[in-house]
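Scroll down for the structure; my scribbles are underneath it.
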Amino acid sequence: MSASGFHEGEAATQRRAGVEAEARRLEGMLDASGLSPGAARFLASQRFAALTGRDHDGVLWISPLAAPPGFLHGQDDILHVSALPRDGDPLHSIPGGQQVGLIAIDFATRRRLRVNGELVSADHRGMTVRVDQSYGNCPKYIHRRAIDAAGLAAPASQRRTTLLDPSDQALIASSDTFFLGTSHPTRGSDASHRGGPPGFVRVDSPNRLWWPDFPGNNMFNSYGNLAVDDEAALLFIDFDTGAALHVTGTARVRWTTPGAAGDDGGVGRNVAFSVGGVAR
């Protein structure tokens, strides 16, 4: 659903963080619909993306997409994705007719591009997205690494549970990167990237975890969504083996005193996540 400018959750979060003026200077990035020639070229050269959407039960998940360069082919307001979430992935048979979010990342050059729009169709050949928004993000917290597209496309184990087991917790504790899926009632789903030192995501129990926030571009797209709708999804990847951990649940931004215990980024906020479902 095409819309311009910041929505009410983003504006409220920017106001709470005291960065309204800084965010306003970037607001025009959200007004451009479709894909610029530069964005299309960037997408065409990528081998990895993460997709946020809902399964047939309406549950929000975020999933990896990996294939040789060329699997993301866009022009004007249409993006063709000639790859699907792999067998066993919660979004493998993702239904069309819904709003989705996609983030494509070049880990080597630390560049990323976000795309939001409507999933017009999805079948065995791939997906077609009508693009409402596309815009770049800064390179902060992107760790350089190689991507094994074949490993990330191999079938998943299809294990489903409601709690994080010890192996899940170990993967989270060793991760320096994860992907965050959020949603807004009228703007639809969004996919974003979070990075930090290994272990920056803390697991408190099999059904609770949290992570500190770090300084960013002050747009607060993800946290603005959470201010309106607390449903969220996380994706952790073992980039050596291709194994992916999908977690769905709810999240809320907790505001603290800057520099308080656990405030690694010195910004006075962190995000608490309650686990509702796990797939691996």
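Reckoned from all heavy atoms, side chains included, excluding hydrogens, waters and symmetry mates.
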Can you find a pair of side-chain heavy atoms, one from [X] and one from [Y], that are under 4.5 Å apart?
{"X": "Leu209", "Y": "Asp204", "result": "no"}
{"X": "Glu8", "Y": "His184", "result": "yes"}
{"X": "Asp168", "Y": "Val278", "result": "yes"}
{"X": "Arg145", "Y": "Thr177", "result": "yes"}
{"X": "Asn207", "Y": "Thr162", "result": "no"}
{"X": "Met219", "Y": "Glu10", "result": "no"}

Ion pair check, [X] and [Y], cut-off under 4.0 Å:
{"X": "Arg130", "Y": "Asp76", "value": "no"}
{"X": "Asp89", "Y": "Arg280", "value": "no"}
{"X": "Arg159", "Y": "Asp165", "value": "yes"}
{"X": "Glu231", "Y": "Arg54", "value": "yes"}
{"X": "Arg269", "Y": "Asp213", "value": "yes"}

Under 3.5 Å, side chain of [X] to main-chain N/O of [Y], donor-acceptor pair present?
{"X": "Arg160", "Y": "Ala279", "result": "no"}
{"X": "Gln169", "Y": "Leu164", "result": "yes"}
{"X": "Ser36", "Y": "Ala39", "result": "yes"}
{"X": "Asp263", "Y": "Gly268", "result": "yes"}

Measure the CG-CG distance between Leu84 and Leu65 for me, rounded to the nearest 0.5 Å.
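With rounding to 0.5 Å, CG (Leu84) is 8.0 Å from CG (Leu65).
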Can you label the angle between the Phe273 ring and the Trp211 ring as parallel, tilted or perpendicular, going by 30° and 60°?
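Correct class here is tilted.
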Using the six-membered ring wherever Trp is involved, compare the ring planes of His80 and His73 and label them parallel, tilted or perpendicular (cut-offs 30° and 60°).
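Rings of His80 and His73: parallel, as their planes differ by under 30°.
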Is the NZ or CZ atom of Arg112 positioned over Phe48's six-membered ring, under 6.0 angstrom from the centre and within 45° of the axis?
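No, cation not above the ring by the 6.0 Å, 45° rule.
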Do Arg194's NZ or CZ and the ring of Phe178 fall within the cation-pi criteria of under 6.0 Å and 45°?
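Not satisfied by the 6.0 Å and 45° rule.
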When you look at [atom1] of [X], are more than 12 heavy atoms from neighbouring residues, nucleotides or ligands closer to it than 6.0 Å?
{"X": "Arg41", "atom1": "CZ", "result": "no"}
{"X": "His143", "atom1": "NE2", "result": "yes"}
{"X": "Glu22", "atom1": "CD", "result": "yes"}

Measuring centre to centre across the rings, with the benzene-like ring taken for any Trp, is Phe6 within less than 6.0 Å of Phe220?
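That pair fails the under 6.0 Å test.
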Give the cluster check for Val129 versus Leu51: same hydrophobic cluster or not, with ILVMFWY residues linked at side-chain heavy-atom distances below 4.5 Å.
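Yes, it is one cluster - the side chains of Val129 and Leu51 are joined through contacts under 4.5 Å.
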Criterion side chain to side chain contact (heavy atoms under 4.5 Å, CB included) on Phe179 and Phe236, from CA distance to verdict:
CA-CA 7 Å; Phe179 298 89; Phe236 296 89; over 6 Å; no
